[in-house]
Amino acid sequence: MYDNTLNDFLKLESDKSDSERIQRAINNTQNGVLYIPKGDYSIKTPLVIENCCSLKMHPAARLVATEEMDFVLTYKPTGNYHNLTLFNDDGSVYDNLGLFISGGDIDGNGIASCFAITNAHHFTLSDISLHNGKEYGLYVGGKNEGHIYELVCNNVYCKCTMKGLSGNVGIWSNKSDSHFNDCFVIDYTIGMRILGSSNRITRCHLWGGTVPPENYSVEEWSEIYGKRKMALKNGVYGEDAKANDYENNVPEMLINSIAFDIRGGSNILDGCFADTAEIGYNISQNTRLVGCDFFNNKLMGLKNSLAINHIKGKLSVHMSNFEGTTGKEVLYSGNPDDVEWSMNFVSGFSENPFETPAIKIGN
């Protein structure tokens, strides 16, 4: 179901890329749904949605940055979203809560961030890939840039496949009262950085290691990883890990990496997985971890990972699983007196400050 399709907006001779006709299509779909068919679309100038246009994209529709810009696509509808209610020009209440962007792939191509949303009362972002964001995959809010609550992100897949993007953030948000469900972030240095409060982060899996170390090609790194995997399978990993192939080659995006950087208060992480990062959970305000996991894939080369870096605030950790693999990982840094720690599985850590760290099973 849609109101307009991009196929009805042809590329003009004066157009320098696909940006112009996509923007024309957006501008002609006020408060409607625009369908973008399968295909690769060159984006040389930023796309901006200000008229409450929703986008429905084919899974193989790719918006690819081909010039430097801040964001490939920005959603910032006009209106004062700080107010409780929005109104039409005739004074009637405007309360469209079904606005969305669904499907497709926004690729920053290493020269642009992918997608920013700065104004919304209720908005859904779903089933979309955000590749190779220069600074951000998904950027929510910002400094004095509108107001957002009730952003729902379902199956948002952020991934970097190219080198040279170290330090970027997969999902960045300084807004509150939003839901992030079943999101995956792969090889952004910071997986999720949440500065807002009272967000619900559920079944999000953050990991890295596919982008090769600085001095290796993708093929070389893939071969080294394969050697490590076979060594581990054959039970000789400990001895082989001393060879040159296994030293000083941590993947680029794992250097200074943080899976979940939680800076706002009253956030709940439920069923989340910090899978291979220098810091799994970086906690700066009151936070609850329920049924969460930490794991360090030693095949990626990280040796001294920290599962929880507890800077301040109260922390509750319940029914979660923490697994070290090199014997050098540290479970927790902070003040254990500010932690409620109950019914957790723990194994393989060199340091563990909790007297009763894990569930006891059987006898």
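Residues take their numbers from the sequence shown, with the count starting at 1. Only a predicted model underlies this, so the values are computations on that prediction, with no experimental measurement involved.
Ile49 is connected to Leu47 through a chain of hydrophobic side-chain contacts under 4.5 Å among Ile, Leu, Val, Met, Phe, Trp and Tyr, so both are in one cluster. Under the 4.5 Å side-chain contact rule for hydrophobic residues, Tyr136 and Ile101 do not share a cluster. A continuous path of hydrophobic side-chain contacts links Leu269 to Leu151 [ILVMFWY only; heavy atoms under 4.5 Å]. Residues Tyr149 and Ile268 do not share a hydrophobic cluster, clusters being chains of Ile/Leu/Val/Met/Phe/Trp/Tyr side chains in contact below 4.5 Å. In the hydrophobic clustering of this structure, Ile117 groups with Leu63; members are Ile, Leu, Val, Met, Phe, Trp, Tyr whose side-chain heavy atoms approach within less than 4.5 Å, directly or through other members.
Aromatic ring pairs are classed by plane angle as parallel below 30°, tilted from 30° to 60° and perpendicular above 60°; the pair Tyr75 and Phe123 is tilted. Phe354 and Trp341 have parallel rings, their planes meeting at less than 30° on a 0 to 90° scale where 60° marks the start of perpendicular.
Side-chain atoms of Val250 and Leu302, non-hydrogen and from C-beta on, do get closer than 4.5 Å to each other. When side chains are defined from C-beta on, Lys11 counts as touching Asp18, because their heavy atoms get closer than 4.5 Å. Ser197 places none of its side-chain heavy atoms less than 4.5 Å from the side chain of Gln285. Using a 4.5 Å cut-off on side-chain heavy atoms (C-beta onward), Cys183 and Ile171 make contact. Looking at Phe100 and Lys56, their side chains come closer than 4.5 Å, going by heavy atoms from C-beta outward. Arg21 has its side chain within reach of Asp15: a pair of non-hydrogen atoms, C-beta onward, lies under 4.5 Å apart. The side-chain heavy atoms of Asn155 and Ser126, taken from C-beta on, include no pair separated by under 4.5 Å. The side-chain heavy atoms of Leu34 and Ile26, taken from C-beta on, include a pair separated by under 4.5 Å.
Between the side chain of Ser284 and the backbone N or O of Ile311 there is no donor-acceptor pair closer than 3.5 Å. Checking side-chain atoms of Glu278 against main-chain N and O of Asn256 turns up a donor-acceptor pair under 3.5 Å. The main-chain N or O of Val317 is found under 3.5 Å from a side-chain atom of Asn344 such that the two form a donor-acceptor pair. Remark: side-chain polar atoms of Thr29 are not paired, donor with acceptor, to backbone N or O of Gly32 under 3.5 angstrom. Judged by distance alone, the side chain of Asn51 and the main-chain N or O of Cys53 form a donor-acceptor pair under 3.5 Å. Side chain of Gln23 to backbone of Val48: a donor-acceptor contact under 3.5 angstrom is found. With hydrogens and angles ignored, the 3.5 Å screen pairs a side-chain donor or acceptor of Thr66 with a backbone N or O of Ile43. Between the side chain of Thr189 and the main chain of Gly167, a donor-acceptor pair closer than 3.5 Å is present. A distance-only check finds no donor-acceptor pair linking the side chain of Asn296 to the backbone of Gly324 [under 3.5 Å]. In this structure, the side chain of Lys163 engages the main chain of Tyr216 through a donor-acceptor pair within 3.5 Å.
A distance of 7.5 Å separates CD1 of Ile128 from CG of Leu73, quoted to the nearest 0.5 Å. Of the inter-residue distances, the one linking Ile148 atom CD1 with Asn119 atom CG reads 7.0 Å to the nearest 0.5 angstrom. Between the CG atom of Asp261 and the OH atom of Tyr281 there is a distance of 13.0 Å, given to the nearest 0.5 Å. Summarising the geometry, atom OG belonging to Ser305 is positioned 10.5 Å from atom CZ belonging to Phe295; distances are rounded to the nearest 0.5 Å. Here the straight-line distance linking atom CD of Glu150 with atom NZ of Lys175 works out to 14.5 Å at 0.5 Å rounding. One distance of note links NE2 of His310 with CG of Asp338; it measures 5.5 Å at 0.5 Å rounding.
The one candidate from Phe273, Tyr157, Phe294 that meets the ring pair (Phe, Tyr, Trp, His ring centres under 6.0 Å) condition with His205 is Phe273. For the side chain to side chain donor-acceptor pair (under 3.5 Å) with Arg203, the qualifying choice from Asp270, Asn181, Asp182 is Asp182, the only one to do so.
Nearest heavy-atom pair, Met300 versus Gly208, reported as atom, atom and distance to 0.1 Å: CE-O, 3.9 Å. In terms of heavy atoms, Gly327 sits closest to Ser350 at O-CB, 3.2 Å. Shortest non-hydrogen contact noted between Tyr41 and Ala61 is CE1-CB, 4.3 Å. Pairing each heavy atom of Val169 with each of Arg193, the nearest pair is CG1-CB, 4.0 Å. For Ser54 against Gly98, the heavy-atom pair with the smallest separation is OG-O, 4.5 Å. Annotation for Ser320 and Gly291: closest pair OG-N, 3.4 Å, computed over non-hydrogen atoms.
Around CD of Glu214, the count of heavy atoms belonging to other residues, nucleotides or ligands within 6.0 Å does not exceed 12. In the displayed structure, Tyr2 atom OH is contacted under 6.0 Å by at most 12 heavy atoms of other residues, nucleotides or ligands. The number of heavy-atom neighbours closer than 6.0 Å to CG of Asp70, taken from other residues, nucleotides and ligands shown, is 12 or below.
Side-chain atoms of Asp187 and Thr210 include a donor-acceptor pair closer than 3.5 Å.
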Worksheet item: Can you check side chain to side chain contact (heavy atoms under 4.5 Å, CB included) on Cys160 and Asn168, steps first, answer last?
Response: CA-CA 10 Å; Cys160 290; Asn168 59 5; 3.4 Å; yes
Practice prompt. Apply side chain to side chain contact (heavy atoms under 4.5 Å, CB included) to the pair Phe180 and Ser173, showing each step before the final yes or no.
Written response: CA-CA 11 Å; Phe180 299 89; Ser173 174; 4.3 Å; yes
Worksheet entry | Stepwise side chain to side chain contact (heavy atoms under 4.5 Å, CB included) test for Lys298 and Lys303 | CA-CA 7 Å; Lys298 66 181 180 181; Lys303 295 181 175 64; over 6 Å; no
Worksheet item: Which is it for Leu12 and Arg24 under the side chain to side chain contact (heavy atoms under 4.5 Å, CB included) test, yes or no, and what are the steps along the way?
Response: CA-CA 11 Å; Leu12 304 179; Arg24 285 195 298 272; 3.5 Å; yes
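Checked against the 6.0 Å centroid criterion, the rings of Trp172 and Phe71 do not qualify as a close aromatic pair.
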